[in-house]
Amino acid sequence: MFNFFKKAKALEIHAPVDGKIIKLEEVPDPVFSQKLIGEGAAVLPSEKGHIYAPVDGKIIQVAPTKHAIGISAEDGTEILIHVGLETVSLNGEGFMPAVNVGEKVTVGQLLLEVDWNYIKANASSTVTPLVITNAQDGKKQIHVTEEKEGIAGKTVIITVNQK
């Protein structure tokens, strides 16, 4: 027997790096803090470790400057991981992608090796926003955790429910 009223399972988005979880509104860049490209959260990395997949899904973008990666989760939610602020100007220095567009990934899989010392010395911030770029359709309810510290691939920092 089918249950036509079965609620879709919520998408859990995990921390992509160890560090302090901060609200998107607190990111010192108006593109993120004013949610111009979407809703989400950010992590201030503990400056060890790399960037890991926050969801199971498919890589849909690796920026030419290697500072950002886009993932389409299995439910169609699109997530942008933007490593640091003003990092596009580094022209790929300090970043070593471990994945390519079209690859399937699982939670906790290495996406990007990061030289945090280089980023800290050459960018305005190491804060790493995670933004849901296709939430504007009004079909998603987004909840950001109250947790203060995140562990890559373990701590759920954003939950997305389909309306």
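Residues: numbered from 1 along the sequence shown.
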**OP:** Could you check V101 against I60 for side chain to side chain contact (heavy atoms under 4.5 Å, CB included), going step by step and ending with a plain yes or no?
**Re:** CA-CA 5 Å; V101 171; I60 55 173; 5.7 Å; no
**OP:** Using a 4.5 Å cut-off on heavy atoms from C-beta on, say whether the side chain of I151 contacts that of Y52.
**Re:** no
Subject >> CA sep, side-chain torsions, deciding dist, call: I71, L111, side chain to side chain contact (heavy atoms under 4.5 Å, CB included) >> reply: CA-CA 10 Å; I71 302 174; L111 298 180; 3.8 Å; yes
Original post:
Are I59 and L130 in one and the same hydrophobic cluster, where Ile, Leu, Val, Met, Phe, Trp and Tyr link if side-chain heavy atoms are under 4.5 Å apart?
Top reply: yes
**OP:** Drop me the distance from E12's CD to T145's OG1, to the nearest 0.5 angstrom.
**Re:** 10.5 Å
Subject >> Spatial distance of atom CD (Q109) from atom NZ (K104) [nearest 0.5 Å] >> reply: 11.5 Å
Original post:
Roughly how far apart are N117 CG and K120 NZ, rounded to 0.5 Å?
Top reply: 7.5 Å
Original post:
Under a 4.5 Å cut-off applied to non-hydrogen side-chain atoms, are I132 and I142 in contact?
Top reply: yes
Subject >> H14 side chain to P16 backbone, donor-acceptor under 3.5 Å >> reply: no
Subject >> Donor-acceptor contact below 3.5 Å, side chain S72 vs main chain K58 >> reply: no
Subject >> Side chain to side chain, I13 and T159, heavy atoms closer than 4.5 Å >> reply: no
Original post:
Does any non-hydrogen side-chain atom of I69 lie less than 4.5 Å from one of F95?
Top reply: no
Original post:
Are L44 and T126 close enough that some pair of their side-chain heavy atoms sits under 4.5 Å apart?
Top reply: yes
Original post:
Any side-chain heavy-atom pair from Y118 and L90 closer than 4.5 angstrom?
Top reply: yes
Original post:
Can you get from V43 to L11 by hopping between Ile, Leu, Val, Met, Phe, Trp and Tyr side chains that sit under 4.5 Å apart?
Top reply: yes
Original post:
Between D18 (side chain) and S46 (backbone), is there a donor-acceptor pair under 3.5 Å?
Top reply: no
Subject >> NZ/NE/NH1/NH2 to OD/OE distance under 4.0 Å, K66 and E93 >> reply: no
Original post:
Rounded to the nearest 0.5 Å, what separation is found between the OG atom of S125 and the CD1 atom of I119?
Top reply: 11.0 Å
Subject >> Side-chain donor-acceptor pair present, D75, Q162, cut-off under 3.5 Å >> reply: yes
Subject >> Contact check, side chains of I37 and V31, non-hydrogen atoms, under 4.5 Å >> reply: yes
**OP:** Taking the side chain as every heavy atom from C-beta outward, state whether H82 and T128 have any atom pair closer than 4.5 Å.
**Re:** no
Original post:
When rounded to the nearest 0.5 angstrom, what is the spacing between OG1 in T87 and NE2 in H67?
Top reply: 4.5 Å
Original post:
Should K140 and N134 be marked as a side chain to side chain contact (heavy atoms under 4.5 Å, CB included) after you check the CA-CA gap, both sets of side-chain angles, and the distance that decides it?
Top reply: CA-CA 9 Å; K140 296 176 182 12; N134 63 344; 3.7 Å; yes
Subject >> Joint hydrophobic cluster, V127 plus L24, side-chain heavy atoms closer than 4.5 Å >> reply: yes
Subject >> Linked, directly or transitively: L112 and V131 (ILVMFWY side chains, under 4.5 Å) >> reply: no
Original post:
Under 3.5 Å, is there a donor-acceptor pair between the side chain of H50 and the main chain of V114?
Top reply: yes
Subject >> Linked, directly or transitively: L80 and L85 (ILVMFWY side chains, under 4.5 Å) >> reply: yes
